[in-house]
K.L.:
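Right, I'll just put the structure down here and ask away after.
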Amino acid sequence: MHENLESLTRTELEEWWDRVPGARRFMKTLGREAEQNHALAVDIEASDVEGFLTIFMDEIQRRNYSLVLERLQLSTGESADEFVTTLVERYEPHYMPDLLSGSLMTDVARKKILSGYVLLVKVEGRATWLAEVISDFNRFEDAGKGTVIFFTPELPSQFTFRLTDFITPYDVQFFAINLMESARLNQTEKLYTATLTAKLAGTSAVAAKNLARADLYSDGRRLVEEVLGLEYPRRKYDRAVWETQIQFALPIVETVREKLIARNLLELKKLLPRTDEFGKVLDDAWDMELRHLHYYGGNVKVFSQSDWDVLELVYRARNDLSHLDTLEREQLDKIFALADF
């Protein structure tokens, strides 16, 4: 993801972390964990960490205004002891380790050096020791030992709270559609764009904000390259577009099929019964698929020119999508225009 993306405003941060259901559950869960005096790791997109911390600090202060929140940016070495030494130098410069405690981090917890603190630690560099540090701190169970929350690419399999376990595509879609309230798109186009945003943005509110724009509908590939980077796989983008077009276009295509049959029912009944090229017996006009309407109806000119043009459009679109091809923007515009056909 590009580094120069537009950040969320305070209002948008509150919309995401306070009102989007999955993000709100994540925030509340971590708030409860912070009150339990634990060490843990948090897995969210790097682009979203700053915004998360802004709202999370408010959440903690609402829960317990006496807690002291501090943000640390640490460049670390390759051992747990080196990390703990950096920590105690800041919070207890006269600390004398008890070698019988088992580990420095357990001793820090036992002596409650971090009591009353919620440390939000962004770790730079490799932190292969992270699981060890978290486990050692949590081994001491007495209350009041403090809370340490790590943000680092080196996430342990345990003690990690992942936003992906809380957020669903519907959460991101809900967020995106609200962001697009003033976009110059009709309601169907907005909902389509918000759905595509949810497939592309993952759990990143920052990515969602930068994708939930009219340009994603009109010039999607270019916008995706700007937001997610040139390295974002073309096949993943095409798949997301195809899935979204299937979701929105096919119901319209099916409605158009039924309305074309209703408009031309008497003439279509005259063509039946038939056995198609796959051996399917057609004796009810309502069972005719688009290919039947196109082939049998086209041969005897059942349809008016305007209905035929519509049939051609939906027939080609249905074929393209069934062969895993995506529709061009102009095709999609015409399909969406048939919603009230």
Side-chain angles (χ1 to χ4, degrees), residues 1 3 5-76 83-84 86-92 105 108-109 112-124 127 130 133-134 137-138 143-156 159-167 171-172 175 178-179 203-209:
M1 196 180 302
E3 295 180 357
L5 298 181
E6 187 176 349
S7 300
L8 272 64
T9 65
R10 175 70 193 214
T11 299
E12 291 164 346
L13 284 171
E14 291 174 350
E15 176 74 21
W16 175 256
W17 291 112
D18 289 344
R19 299 183 183 90
V20 172
R24 179 180 174 83
R25 286 196 306 274
F26 184 75
M27 179 69 66
K28 297 298 181 184
T29 298
L30 286 177
R32 289 193 297 270
E33 286 295 317
E35 290 183 308
Q36 297 300 315
N37 294 281
H38 291 157
L40 54 97
V42 173
D43 184 9
I44 62 178
E45 291 285 346
S47 58
D48 290 61
V49 170
E50 286 302 317
F52 168 81
L53 291 175
T54 298
I55 304 301
F56 185 67
M57 293 174 77
D58 291 347
E59 171 72 16
I60 295 302
Q61 290 174 335
R62 280 196 298 266
R63 288 174 172 272
N64 188 340
Y65 67 87
S66 67
L67 290 173
V68 178
L69 289 94
E70 293 206 2
R71 294 174 55 173
L72 304 181
Q73 185 89 21
L74 298 178
S75 298
T76 66
F83 166 75
V84 180
T86 302
L87 205 59
V88 296
E89 283 176 353
R90 176 165 182 156
Y91 293 98
E92 185 52 72
M105 198 61 176
V108 166
K112 301 184 179 180
I113 290 173
L114 302 179
S115 180
Y117 286 97
V118 177
L119 304 185
L120 309 171
V121 185
K122 292 178 67 176
V123 183
E124 296 178 349
L130 186 60
V133 162
I134 292 176
F137 189 80
N138 290 335
K145 61 185 177 182
T147 299
V148 188
I149 302 177
F150 294 95
F151 300 83
T152 170
E154 298 287 339
L155 292 167
F159 316 114
T160 299
F161 289 80
R162 293 179 168 83
L163 186 57
T164 53
D165 294 334
F166 292 78
I167 290 289
D171 289 315
V172 185
F175 182 63
N178 289 335
L179 291 173
T203 60
S204 171
V206 172
K209 172 178 180 171

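All values reported here derive from a predicted model rather than from experimental measurement.
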K.L.:
Could you check if a side-chain atom of Met57 sits within less than 4.5 angstrom of a side-chain atom of Leu120, using non-hydrogen atoms only?
P.N.:
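Yes. Closest side-chain heavy atoms under 4.5 Å.
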
K.L.:
Would you compute the distance between atom CG of Leu72 and atom OH of Tyr117 and round it to the nearest 0.5 angstrom?
P.N.:
10.5 Å

K.L.:
Phe175 and Ala208: which non-hydrogen atoms are nearest, and at how many Å?
P.N.:
CD2-CB, 4.1 Å

K.L.:
At what distance, to the nearest 0.5 angstrom, does CG of Asn37 lie from CG of Leu67?
P.N.:
8.0 Å

K.L.:
Judged by atom type as modelled, is there a donor-acceptor pair below 3.5 Å linking the side chain of Glu35 to the main-chain atoms of Arg32?
P.N.:
no

K.L.:
Using 0.5 Å steps for rounding, measure from the CD1 atom of Ile113 to the CE atom of Met105.
P.N.:
9.5 Å

K.L.:
Any side chain to side chain donor-acceptor pair (under 3.5 Å) involving residues 48-59? Give me the pairs, sequence neighbours left out, ordered by first then second residue.
P.N.:
Arg10-Asp58, Lys28-Glu59, Asp48-Ser204, Glu50-Arg71, Glu50-Lys122, Glu59-Arg62, Glu59-Arg63

K.L.:
Output all residues satisfying salt bridge (Lys or Arg N to Asp or Glu O under 4.0 Å) with Glu33, sequence neighbours left out; order by chain, then residue number.
P.N.:
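Per chain and number, Glu33 pairs via salt bridge (Lys or Arg N to Asp or Glu O under 4.0 Å) with no residue.
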
K.L.:
Does Gly22 offer a backbone N or O that forms a donor-acceptor pair with the side chain of Asp171 under 3.5 Å?
P.N.:
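Confirmed, Asp171 side chain pairs with Gly22 backbone.
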
K.L.:
Side chains of Glu15 and Asn178: closer than 4.5 Å at any heavy-atom pair?
P.N.:
yes

K.L.:
Got a sec, which residues hit salt bridge (Lys or Arg N to Asp or Glu O under 4.0 Å) with Lys145, two or more places apart in sequence or on another chain?
P.N.:
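For Lys145 there are no salt bridge (Lys or Arg N to Asp or Glu O under 4.0 Å) partners, ignoring immediate neighbours.
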
K.L.:
I want to check something: taking the side chain as every heavy atom from C-beta on, are Val121 and Ile149 in contact at a cut-off of under 4.5 Å?
P.N.:
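No, too far: nothing below the 4.5 Å cut-off.
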
K.L.:
Does the pair Val206 and Glu6 meet the rule for a side-chain contact (heavy atoms from CB on, under 4.5 Å), with working shown?
P.N.:
CA-CA 7 Å; Val206 172; Glu6 187 176 349; over 6 Å; no

K.L.:
Could you pull out all residues at least two apart from Phe56 that satisfy ring-ring contact (aromatic ring centres under 6.0 Å, His included)?
P.N.:
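With neighbours one apart ignored, the set is Phe52.
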
K.L.:
Would you give the length of the straight line joining atom CZ of Arg25 to atom CE of Met27, rounded to the nearest 0.5 angstrom?
P.N.:
13.5 Å

K.L.:
Is there a side-chain contact between Val148 and Val118, using heavy atoms and a 4.5 Å cut-off?
P.N.:
no

K.L.:
Minimum heavy-atom separation for Arg24 to Asp18, with atom names?
P.N.:
NH1-O, 2.9 Å

K.L.:
Do side-chain atoms of Thr147 reach the backbone of Ala34 as a donor and acceptor pair under 3.5 angstrom?
P.N.:
yes

K.L.:
Does the side-chain contact (heavy atoms from CB on, under 4.5 Å) test come out yes or no for Leu40 and Phe150, once each step is laid out?
P.N.:
CA-CA 6 Å; Leu40 54 97; Phe150 294 95; over 6 Å; no

K.L.:
List in chain and number order the residues that pass ring-ring contact (aromatic ring centres under 6.0 Å, His included) with Phe137, two or more places apart in sequence or in another chain; answer none if no residue qualifies.
P.N.:
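With neighbours one apart ignored, the set is empty.
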
K.L.:
May I have the step-by-step check of side-chain contact (heavy atoms from CB on, under 4.5 Å) for Val172 and Thr203, ending in yes or no?
P.N.:
CA-CA 7 Å; Val172 185; Thr203 60; 5.9 Å; no

K.L.:
If you apply the rule side-chain contact (heavy atoms from CB on, under 4.5 Å), what do you find for Ile60 with Tyr65, and how did you get there?
P.N.:
CA-CA 7 Å; Ile60 295 302; Tyr65 67 87; over 6 Å; no

K.L.:
Roughly how far apart are Leu119 CG and Glu70 CD, rounded to 0.5 Å?
P.N.:
6.5 Å

K.L.:
Can you tell me how far the CG atom of Leu13 sits from the NZ atom of Lys209, to the nearest 0.5 Å?
P.N.:
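Reported value, rounded in 0.5 Å steps: 8.5 Å.
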
K.L.:
Could you go through residues 159-167 and list every donor-acceptor pair under 3.5 Å that involves a side-chain atom there, pairing it with any protein atom two or more places apart or in another chain?
P.N.:
unit_1, atom_1, unit_2, atom_2, d
Thr160, OG1, Pro156, O, 2.7
Thr160, OG1, Gln158, O, 3.1

